[in-house]
Amino acid sequence: MDDCLFCQITNKKEPANILYEDDEIIAFKDIYPKAPIHVLVVPKKHILSVDHLKEEDKGLIGELFLVAKKLAKDQKISESGYKLLFNVGEGGGQVIGHLHLHLLGGWKK
Ligand code: 5GP
Ligand code: ZN
């Protein structure tokens, strides 16, 4: 997907502050953070949204959550707690048409 920002970040055509990467997933800091810690956990495969998931993507979605959990630990917000969020479609506030899981946390208690 040449015109997809998150595919371009995945393919290193656009810069990002990458915190995690494996064969299937990349995670980077949100450029306009909505929390003290705001990381986007993104499958490298171009999937439009949760609404476009297929049966075959079951394992990948599980991996996204496990990477989010690992990143929460790395970012030291496991104990204080965090939010995980998918915006789905225009009405759900999704702006980038490439599936991503928001990891948000770091607010003072
Ligand atoms: P959505 O609203 O689609 O669920 O979330 C898209 C997120 O991508 C937003 O939180 C926005 O701040 C972030 N974003 C938009 N453009 C860029 C960019 O160029 N780089 C990074 N790292 N994040 C971006
Ligand atoms: Zn894409």
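Only a predicted model underlies this, so the values are computations on that prediction, with no experimental measurement involved.
- When hydrophobic clusters are built by joining Ile, Leu, Val, Met, Phe, Trp and Tyr residues whose side-chain heavy atoms come closer than 4.5 Å, directly or via intermediates, Ile77 is grouped together with Phe65.
- Taking hydrophobic clusters as Ile, Leu, Val, Met, Phe, Trp and Tyr residues chained together by side-chain heavy-atom distances below 4.5 Å, Phe6 does not share a cluster with Leu48.
- Using a 3.5 Å distance cut-off with no hydrogens or angles, the side chains of Asp30 and Tyr32 do not pair a donor with an acceptor.
- Listed here is the closest heavy atom pair of His98 and Pro43: NE2-O, 2.8 Å.
- Sequence neighbours left out, the pairs with a member in residues 62-72 that pass side chain to side chain donor-acceptor pair (under 3.5 Å) are Lys70-Asp74.
- Note: Phe86 and His102 fail the aromatic proximity criterion, with ring centroids not under 6.0 Å apart.
- Nearest approach of Ile9 to Pro15, heavy atoms of both residues: CG1-O, 4.2 Å.
- No more than 12 heavy atoms of other residues, nucleotides or ligands shown are found within 6.0 angstrom of CG on Asp23.
- Among Leu85, Leu19, Leu71, Leu64, the one residue that satisfies the side-chain contact (heavy atoms from CB on, under 4.5 Å) test with Leu103 is Leu71.
- Here the closest non-hydrogen pair linking Ala68 and Leu101 is CB-CD2, 4.0 Å.
- Separation of atoms CD (Glu14) and SG (Cys4) is listed at 11.0 Å; rounding is to 0.5 Å.
- Between Leu104 and Leu84 the shortest side-chain heavy-atom distance does not fall below 4.5 Å.
- Inter-residue side-chain proximity for Lys44 and Glu21 is flagged as met; some heavy-atom pair is nearer than 4.5 Å.
- Scored by the salt bridge (Lys or Arg N to Asp or Glu O under 4.0 Å) test, Glu56 finds Lys45 as partners (sequence neighbours excluded).
- No more than 12 heavy atoms of other residues, nucleotides or ligands shown are found within 6.0 angstrom of NZ on Lys58.
- The two residues Leu99 and Val50 have their closest heavy-atom pair at CD1-N, 3.1 Å.
- A continuous path of ILVMFWY side-chain contacts below 4.5 Å connects Val88 to Val41, so both sit in one hydrophobic cluster.
- Minimum heavy-atom separation, His46 to Gly97: CE1-O, 3.3 Å.
- Taking all atoms of both residues into account, the shortest heavy-atom contact from Lys12 to Ile26 is CE-CD1, 4.3 Å.
- Side-chain contact between Trp107 and Tyr82: absent, with no pair of heavy atoms (C-beta onward) separated by less than 4.5 Å.
- The distance from atom CG of Leu40 to atom NZ of Lys29, rounded to the nearest 0.5 Å, is 12.0 Å.
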